[in-house]
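The structure under discussion appears below in the form of structure tokens.
The figures that follow rest on heavy atoms only: side chains count, while hydrogens, waters and symmetry mates do not.
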Number of protein chains: 2
Amino acid sequence: MKNVPDTLEKLRETGLKLTPQRMAILEVLSGDTSHPSAQAIYQEVRSRYPMISFATVYKTLKVLEGIGEIRALTINEDKLNFDPDTSPHHHFLCRRCGRIIDVMPADLSVPQSVGGHKVDRCQVYYYGECADCIDSD
Amino acid sequence: MKNVPDTLEKLRETGLKLTPQRMAILEVLSGDTSHPSAQAIYQEVRSRYPMISFATVYKTLKVLEGIGEIRALTINEDKLNFDPDTSPHHHFLCRRCGRIIDVMPADLSVPQSVGGHKVDRCQVYYYGECADCIDSD
DNA sequence: GTACTTGCAAACAGTTTGCATAGGC
DNA sequence: GCCTATGCAAACTGTTTGCAAGTAC
């Protein structure tokens, strides 16, 4: 998602309703570069909008993913993380602190096919130790 | 893992026991290029060795991953898939048939660092429609 | 008014664990 | 004989769903 108003417009176009809950979720996601889990998003939304339920958050995330406004990352083995930035970039997971960090390599091109198979999406995950954790030694 | 004998040797070196269950699991994994899930491995092992339990299979997979003989893939959102081939290569998931296919791009090098973060591993996942599924149209 | 959305609580799937028994070494 | 591995079943985690009540449009 680029910003909240554009995403609201996209929802409207798609025939989806603009509920306070959805707006609160978009507000939280907008500009969030921490790649939060569904639970983390729920906690954050709830701190601003205490009456929201987890089911609503989860369903909304699936809706947003369905219309291409956010992306689900499988960089963790045990849970999904969500990325409101759908522009092409890679991700780094620090095994020490658990943070997921955006990475922008020189070549971000996605091949149209690999080994004769048609590619519509590509995810690159790096694993290791982040600069902050290395510094803190 | 390269083959069963070498992996048995690796287990022995590490002080792990060579049980019939472990050998059966290695036998199944050896040369398996289908990237099976834990359940699939369990089913296959059980067809040859009916008294084995799922817990044993699962624990053994974790052991094998721990000593670097196999690798867990997070290419699926809902389950892990295991790859006995630990040599560097990429993976393609066909959204239609669900198969995971090995991909060998020209450049398989893993950068030592990205954005100042120390990288010890890299996974590249492609998503799309495989050649077989395209042909079957 | 209609259709979609919410919220709850329960179902689910895959993964993980505790512990008594069995068995490799 | 020691100590790890096995097997069972139950616990756990994250995800997903059914359905009645509420609400955007």
Does dT6(C) have its OP1 or OP2 closer than 4.0 Å to a side-chain nitrogen or oxygen of Ser53(A)? no
Mapping Val63(A) and Phe54(B) onto DNA chain C by nearest heavy atom, which one lands closer to the 5' end? Val63(A)
Between dG14(C) (P) and Asn81(B) (CG): distance, integer Å: 11 Å
Nearest whole Å is fine: how far is dT16(D) C1' from Tyr42(A) OH? 16 Å
Thr56(A), nearest nucleotide to its side chain (from dT6(D), dG7(C), dT15(C)): dG7(C)
Closest approach to the side chain of Lys79(A), judged atom by atom: which nucleotide of dT15(C), dG14(D), dC19(C) is it? dG14(D)
Assess whether a salt bridge exists between Arg22(B) and Glu69(B), defined as any Lys/Arg side-chain N lying under 4.0 Å from an Asp/Glu carboxylate O. no
Glu27(A) with Arg48(A): basic N within carboxylate O range, under 4.0 Å: no
Once you round it to whole Å, what is the distance between P of dG14(D) and CG of Leu80(B)? 14 Å
With Tyr49(B), which residues qualify under ring-ring contact (aromatic ring centres under 6.0 Å, His included), at least two apart? none
Which nucleotide sits closest to the side chain of Ile52(B): dG7(D), dT16(C), dT17(D)? dG7(D)
Expected output is a numbered-order residue list: members of residues 10-23 of chain A with a heavy atom under 4.0 Å from any atom of DNA chain C. What is it? Leu16(A), Lys17(A), Thr19(A), Gln21(A), Arg22(A)
Does the dG18(D) base have a donor-acceptor partner in the side chain of Lys59(A) within less than 3.5 Å? yes
Rounded to whole Å, CD of Glu77(B) lies from P of dT15(C) at a distance of 14 Å
